[in-house]
There are 2 protein chains.
Amino acid sequence: MADLDIARAVTAQPIGDIAKRLGVPDSALVRYGNDKAKIALEWIDGQKAKPDGRLILVTAISPTPAGEGKTTMAVGLGDGLSRIGQKTAICLREPSLGPCFGMKGGAAGGGRAQVIPMEDINLHFTGDFHAIAAANNLLAAMIDNAVYWRLDLGLDNRRISWRRAVDMNDRSLREVVTSLGGVPNGAPREGGFDITAASEIMAILCLAKDMADLQRRLGNIIIGQDMEQRRFVRASEIKAEGAMAALLKDALKPNLVQTLEGTPAFVHGGPFANIAHGCNSLIATKTALKCADFVVTEAGFGADLGAEKFFNIKCRKGDLKPAAVVLVATLRALKMQGGAQKGEYADANKEALVKGFENLARHVENLKHFGVPVVVGLNRFAQDSEAEVDLLRQRCAELEVEAISCTHFADGGAGAEDLAHAVVKMTASDTSEFRMLYEDSLPLWEKTRTVARMMYGAQGVIADKKIRAKFQMFQDGGFGHLPVCIAKTQYSFSTDPDLLGAPSNHVVPVRDVRLSAGAEFVVVICGDIMTMPGLPKHPAAENIRVNAAGEIEGLF
Amino acid sequence: MADLDIARAVTAQPIGDIAKRLGVPDSALVRYGNDKAKIALEWIDGQKAKPDGRLILVTAISPTPAGEGKTTMAVGLGDGLSRIGQKTAICLREPSLGPCFGMKGGAAGGGRAQVIPMEDINLHFTGDFHAIAAANNLLAAMIDNAVYWRLDLGLDNRRISWRRAVDMNDRSLREVVTSLGGVPNGAPREGGFDITAASEIMAILCLAKDMADLQRRLGNIIIGQDMEQRRFVRASEIKAEGAMAALLKDALKPNLVQTLEGTPAFVHGGPFANIAHGCNSLIATKTALKCADFVVTEAGFGADLGAEKFFNIKCRKGDLKPAAVVLVATLRALKMQGGAQKGEYADANKEALVKGFENLARHVENLKHFGVPVVVGLNRFAQDSEAEVDLLRQRCAELEVEAISCTHFADGGAGAEDLAHAVVKMTASDTSEFRMLYEDSLPLWEKTRTVARMMYGAQGVIADKKIRAKFQMFQDGGFGHLPVCIAKTQYSFSTDPDLLGAPSNHVVPVRDVRLSAGAEFVVVICGDIMTMPGLPKHPAAENIRVNAAGEIEGLF
């Protein structure tokens, strides 16, 4: 059965009932229909004195292109925890509209581990992405307008770094020349569009503590450089941050929905996991922690990127203390890591499994650096043999980490009860001794080297003189205390997606470094990063339509 | 007091109570917070057998650049009708986001004649504009994607007519070159962005009868021409209409809000009044007519454009029969039309008033062609002298039309009670003998000539051979039955904005003609039309911000 059909077969509970389970009163809800609501910021402000629940991060081994099912695992574990009587909330990223029409399809979980209403969440939801794109593009319009009217600002038309945004997969917009057509349209310049999830404003929204912090960060965005001294010019210098904040007033409120089994789910914010940190909003996670005893969340890409950024960026900014980590694995991904051929990942292949296990072992070892207890969640497929699953369990036991088979995709929360019990047990005595990989005070270059050595198993980091000079410029310019946000392939610990398993002694080449002064991190680019996807030859959009009953068909 | 402060001082009634007054049950509401709702299409479908209320159009004489207050008049009259015990609904266009940050400010009425929540309506509201932009840009992405992958389609990259859309005033995007950067980004081509209100999809949404009609129209959109025969290529040929319709599924549902005095107001759709027809959605108007005894609506620009298109396009497509017209005038606009100097419109100037009255007289005469009874609503300012108002009344009496002084801006509905009584009286006996200016069967060129002669007082219409050939091509191509949508300056009956009063015997030059095959009209362009506004030197955005209490400041 298609995800959409499974989702439609379930009758959503009124969102007020879901909120009540978390102690969120009706007066704190801003409803969007009967099954979605935003939570008022004033109410959230009033919860600060409450103790926090336990925060569980779901991350994954190095994935196959299909992904290992972090979202379904987070939903399944949330439902499993609910089933065994724990007051639970799930925190997920909002899906981006663009990929729905391309190849990837929806991103609200799958099978019997979904959040609903699936169509709404995948399409416009509560309008957050549109608000972010509008704020992004208002800033762009104000920048070009300032150049058009106000030469006194000194902004160098050739050095405007701010790009436009649209929530669409549209390769044609990656590189454009704007302001053609003569003087009334301005002076031509090169520019481009990113997909909304890649906008710095998305990262800002996801890291802002409150409205005032959001507005402050928006003002700090670097829009370009000035003519004379290449000084960074900020959004606040063209007075853009207030109107941008006004556009984001509702988007900052976390969204509450539910899983198919009625577990409350905060689905809020969705920054890219390469040029940003790939986690749902801090404000949603902090709100969930005040409302539930267990909060299950996930972070984009494999653990070398997703978990690392979750810990070193999100937990650092939000003063969060994660209680446990679930490392998602599939036999398919392990076999791929062990050298199995494409198309044969589902076949029995003990040798590849054993070899690929090195990848899992490295991720476990990495996670131990953070001092948080780890459990392996095996996202089990019907075809997976008992023998191979046993083998995985056994190898994990040698690493002193438990591996638990989960079938939530087919069975819902019942398929993740064992994992839920394990999570409750491993967090009962508060064994987490969470620590980050580096201090704020470590220089930016050293931060990068620390991550490369401790997470990627690299010998070190290299960069051209020009790039090293940029590091130095940011370091000297007062940004040395920021964390680094590394953009790298998710398919390998190295920067070469074909280097599988657990490569060691490789070198990480840094191609560029960029300052996200509003989001408050420094993006270290180690590989190609795509900030605007394209559509495939036959995009999914071709099969989507609204039927006679007014229902959407073909969204998957 | 600023509009926003007036709006904030009023406590909105729960939207469910507002709906109840119209007989719309709770089950038919999709709430957006406590003060906004969409109405389910299934419920609307079920109301077809009900009789219609009386439809009152608010239109205006040729305006000053500040506008004559059609929206405030529509709101004031609606509140006035409510006050005298009539079951009333108001139908307005949704404001565009872009102009809020430019010069114009908000567009939800003003003074004590506003719809609320003012900030929400002016910013993202229920997301309709964003959904329209997304559908517009999905089509654009699919077009470029089809060119990228599928040369078999034969679409000529140089003849793609579909533009992108963004709800922002951004002159830099008027003319752009896309797909730069080499093969992975496609082949460079010229293109551009319109503001969302100018997208053909906005016009389609506003004229669609239901979801199926919307999807059909979307498929009919012309995206460009093919390589061989310059045949028009439609959106359906790249299978885009279904996914676009899915994006518009919620946007098609009419939005319900309220005035400051609690009169129900449908605020839905907002097409430009030049390249489109400038009226709120047909679906909202038809729903309102099923729910209320009086429905007050407005149409963009002066009556020569707004009322003409309302009658010849919207009423034709929707089979509407308007019961009366309110022609809004101000002494200022009359004096401007009579030759008063800029900056002196508020000064006593009997001579200019008398001379400018010719403009009003022409509009009244024009409206009589449609067979609908007319009343003049004088939007009165505090400084307007009694003597001048009397003079206006007297001259109107000579035309056998009543002129009624209204002070709703200062006094709310109480200031429009006289007008409300007049409207009730003039529609009591159903004296409307509504007829359109032309039949479907009249050729496109003749339709244009009919409007030019009967509405603009022109001698005739001229066009280059090339343009006449385009008329013929549309005529022969099976589009001859469509109505014409004329794009012309709103400041004069002629195509010269400086030709004031009631010019006669001028000639209307047609500069271009374009087919909106999805919206189902032919746009006849008689002058410059701006489909993407720019920002002023100091845009309003500079003064907007969110204060410590989380409220928006500076939006006006």
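Each chain gets a letter, A, B and so on, in the order its sequence line appears, and its residues count up from 1.
Contact of B:Pro536 with chain A is made through the backbone alone, with heavy-atom distances under 4.5 Å. Proximity to chain A (any heavy atom under 4.5 Å) is shown, for B:Met142, by both the backbone and the side chain. Contact of A:Lys249 with chain B is made through the side chain alone, with heavy-atom distances under 4.5 Å. In this structure, no portion of B:Phe129 lies under 4.5 Å from any heavy atom of chain A. When heavy atoms are compared at a cutoff of 4.5 Å, A:Arg189 does not approach chain B at all. With a threshold of 4.5 angstrom between heavy atoms, A:Val166 approaches chain B through side-chain atoms but not through N, CA, C or O. Interface remark: B:Leu97 contributes side-chain atoms only to the contact with chain A (heavy atom separation under 4.5 Å). Heavy atoms closer than 4.5 Å to chain A are found in both the backbone and the side chain of B:Ala541. There is no contact between A:Ala212 and chain B, counting heavy-atom distances below 4.5 Å.
Under the 4.5 Å side-chain criterion, counting only non-hydrogen atoms from C-beta, A:His124 is in contact with B:Leu247. Side-chain contact check for A:Arg545 versus B:Glu241: some heavy-atom pair is nearer than 4.5 Å. Under the 4.5 Å side-chain criterion, counting only non-hydrogen atoms from C-beta, B:Leu173 is in contact with A:Arg164.
When each of A:Ala246, A:Ala548, A:Pro188 is scored by its heavy-atom pairs under 4.5 Å with chain B, the top score falls to A:Ala246. Between chain A and the options B:Leu29, B:Val177, B:Asp144, the largest number of non-hydrogen pairs under 4.5 Å is found for B:Val177. Taking A:Ala37, A:Gly192, A:Gly33 one by one and counting their heavy-atom pairs under 4.5 Å with chain B, the maximum is reached by A:Gly33. Options B:Ala133, B:Gly242, B:Ser172 differ in how many heavy-atom pairs under 4.5 Å they form with chain A, and the most are formed by B:Ser172. When each of B:Ala131, B:Ser179, B:Gly554 is scored by its heavy-atom pairs under 4.5 Å with chain A, the top score falls to B:Ser179. Ranked by heavy-atom pairs under 4.5 Å with chain A, the list B:Ile552, B:Val30, B:Leu180, B:Val176 is led by B:Leu180. For chain A, the option among B:Glu553, B:Met211, B:Arg174 with the highest count of heavy-atom pairs below 4.5 Å is B:Arg174.
In this structure, CG on A:Asn137 lies 12.5 Å from CG on B:Asn169, to the nearest 0.5 angstrom. Here B:Lys38 contributes atom NZ and A:Tyr32 contributes atom OH; the two are 12.5 Å apart, rounded to the nearest 0.5 Å. Taking CG from A:Asp167 and CG from B:Leu138, the interatomic distance works out to 11.0 Å, rounded to the nearest 0.5 Å. Atoms CG and CD, from A:Asn547 and B:Gln215 in turn, are 9.0 Å apart once rounded to the nearest 0.5 Å. Interatomic distance, B:Leu139 CG to A:Met168 CE, rounded to the nearest 0.5 Å: 10.0 Å.
Enclosure of atom CG in A:Asn34 is not indicated, since only 12 or fewer non-hydrogen atoms of other residues, nucleotides or ligands lie within 6.0 angstrom. Within a 6.0 Å sphere centred on CD of A:Glu190, heavy atoms belonging to other residues, nucleotides or ligands number 12 at most.
The minimum heavy-atom distance linking B:Ala245 with A:Val546 is given by the pair C-CG2, 3.7 Å.
Just one of A:Thr178, A:Asn185, A:Asn145 meets the side-chain hydrogen bond (donor to acceptor under 3.5 Å, both in side chains) condition when paired with B:Arg171; it is A:Asn145.
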